Q: 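First the structure, then my questions, so here it is.
Just the heavy atoms: all of them, side chains too, but no hydrogens, waters or symmetry mates, feed the values below. Starting from 1, each residue takes its place in the sequence as its number. Order of appearance sets the numbers: ligands from 1, and atoms from 1 within every ligand. Bear in mind the structure is a predicted one, so any value in this text is a computation, not a measurement.
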Amino acid sequence: MTDARAWTARTTPLVPPVYHAVTYGLDDKSYEDIVNGGLNETWYGRFSNPTVTAAAEPIRRWEGTAAGLLTASGMAAIATTLVTLLRAGDRVVAARAVYGDTRELLTRDLPALGITVDLVDGHDVDGWRAALAAGPVALAYGETLANPTLRLLDIAAVAELAHAAGARLVVDNTFATPYAVRPAALGADVVVESATKFLSGHSDLLAGAVLSDVDTIREVQRRLVTFGGCLDPAAAYLLWRSLQTFEVRLARQTTSAARLAAALAERDDVVRVLHPTRPDHPQHELAAAMMPRGTAMLAVEVAGGDRRALAVLRELRLFTEATSLGGVESLASTPFNSSHFSLSPADRAAAGIGPGTLRLSVGLEDPDALLDDMAAALDATRDR
Ligand SMILES: *Cc1c(COP(=O)(O)O)cnc(C)c1O
């Protein structure tokens, strides 16, 4: 028989213990007490886990919401949230250029549940205004920063329009992170994000987060219990640990990215650098006001088109060609053959992704070395 009291430590650890336990002694509580109790009552692992709760807290604090929870992945956070907030017959207005699997959820899975989804250009406030006014609408959905164009969602403006139309605004803050923007402070009702990217930052776990008011988080948590997308405590511990260095990682990564953007923009074989800190970013003023700390993501359009971009990728030594983003290691990818391969070149151009676009996620390496690596790869491929 198990004597749980024997290993219930009465010490003060400086880091959260990893509670692998799925079930817990009820002590004097009844199931009714637990079900009616707080969000963090511990009795069965799918409902709540102390390690997972510990890892949610720093994210909740950074996002500045009253409550928050963690999920098994970013998609679990997004799907659970949307299915919680929507009913058959509802209409959603969403940004067109969202994360690929979110787009799949919006354009295939939600319509299959009887939900209509209208798409708009996320950076176009007039487009939002028209679509939100076109009929009853339950929810507006966008991403703070679009991939890979790094166009901004004007969260304050779209929140005001959504609220005037009687809709809630849900914002995916994965790319920008709460280091740069707090969507809730700008009017977003719910913030969702993939903690797999910058928040965990080491490319070694999948996790998601939902942040909102207490009532909304209770509702989402109820669905998380029935859908089963809870986060594993071991991953939660790794996330908690990574969050201890979140701000210093982001400070270094965003500064390095801005430097790279400035240096690459000087080259005659670079057509365009897409980064919010650049004066030629189409929303430079909004970016300066909304997210002055910038972002560690950038896109570079090299002269010579996609063939040259691919050649540059193959020459890079410090940047690894891989999908995902936000890790301590710098990554590079070409949207034409990865995130946006299903679009024709014309559709990609219409979406703001010109030929020769390289997407970079800037890591913690020496920024001079990263710049040298890019410069060497560009020099080596001038004629390709
Ligand atoms: C990666 C990502 C997701 C999905 O997150 P997972 O943790 O992979 O499920 C959602 N939105 C954005 C913007 C992402 O980059």
Q: For ligand 1, note which part of K197 has a heavy atom under 4.0 Å away: side chain, backbone, both or neither.
A: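 Just the side chain.
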
Q: Are a donor atom and an acceptor atom from the side chains of T381 and E315 found within less than 3.5 Å of each other?
A: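 No, no side-chain donor-acceptor pair sits under 3.5 Å.
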
Q: Taking only heavy atoms of T196, which atoms of ligand 1 are found under 4.0 Å from at least one of them?
A: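 So the atoms of ligand 1 that pass are 6 (P), 7 (O).
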
Q: Under 3.5 Å, is there a donor-acceptor pair linking the side chains of E329 and S203?
A: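 Their side chains do contain a donor-acceptor pair, which is all the 3.5 Å distance test asks for.
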
Q: Under 4.0 Å from a heavy atom of A207: which atoms of ligand 1 are those, numbered in the order shown and with their elements?
A: 7 (O)

Q: Does I78 have a heavy atom less than 4.0 Å from any atom of ligand 1?
A: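 Yes.
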
Q: Please report which non-hydrogen protein atom sits nearest to atom 4 (C) of ligand 1, along with the residue it belongs to and the distance in Å to one decimal place.
A: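 I find the closest protein heavy atom is Y99 CE2, 3.4 Å.
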
Q: Does the pair D121 and R151 meet the rule for a salt bridge (Lys or Arg N to Asp or Glu O under 4.0 Å), with working shown?
A: CA-CA 10 Å; D121 288 331; R151 299 292 290 264; over 6 Å; no

Q: Under 6.0 Å from the OH atom of Y19, do we count more than 12 heavy atoms belonging to anything else shown?
A: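 Not more than 12 within 6.0 Å, no.
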
Q: Mind checking whether D101 contacts ligand 1 via backbone (N, CA, C, O), side chain (CB onward), both or neither, at a 4.0 Å heavy-atom cut-off?
A: neither

Q: Would you say R103 and T107 are linked by a side-chain donor-acceptor pair, where the criterion is simply a distance under 3.5 Å?
A: no

Q: L206 to ligand 1: N or O pair under 3.5 Å?
A: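 Min N/O separation from ligand 1 is not below 3.5 Å for L206.
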
Q: Using a 3.5 Å cut-off on N or O atoms only, is G74 in polar contact with ligand 1?
A: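 So ligand 1 has an N or O lying under 3.5 Å from an N or O of G74.
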
Q: Under 3.5 Å, is there a donor on one side chain and an acceptor on the other for H340 and D347?
A: no

Q: Flag S194 as yes when one of its N or O atoms lies below 3.5 Å from any N or O atom of ligand 1, and as no otherwise.
A: yes

Q: What I want to find out is whether R267 reaches D379 closely enough, with some N-O distance under 4.0 Å, to be called a salt bridge.
A: yes

Q: Give me the residue, atom name and distance of the protein heavy atom closest to atom 11 (N) of ligand 1.
A: D172 OD2, 2.7 Å

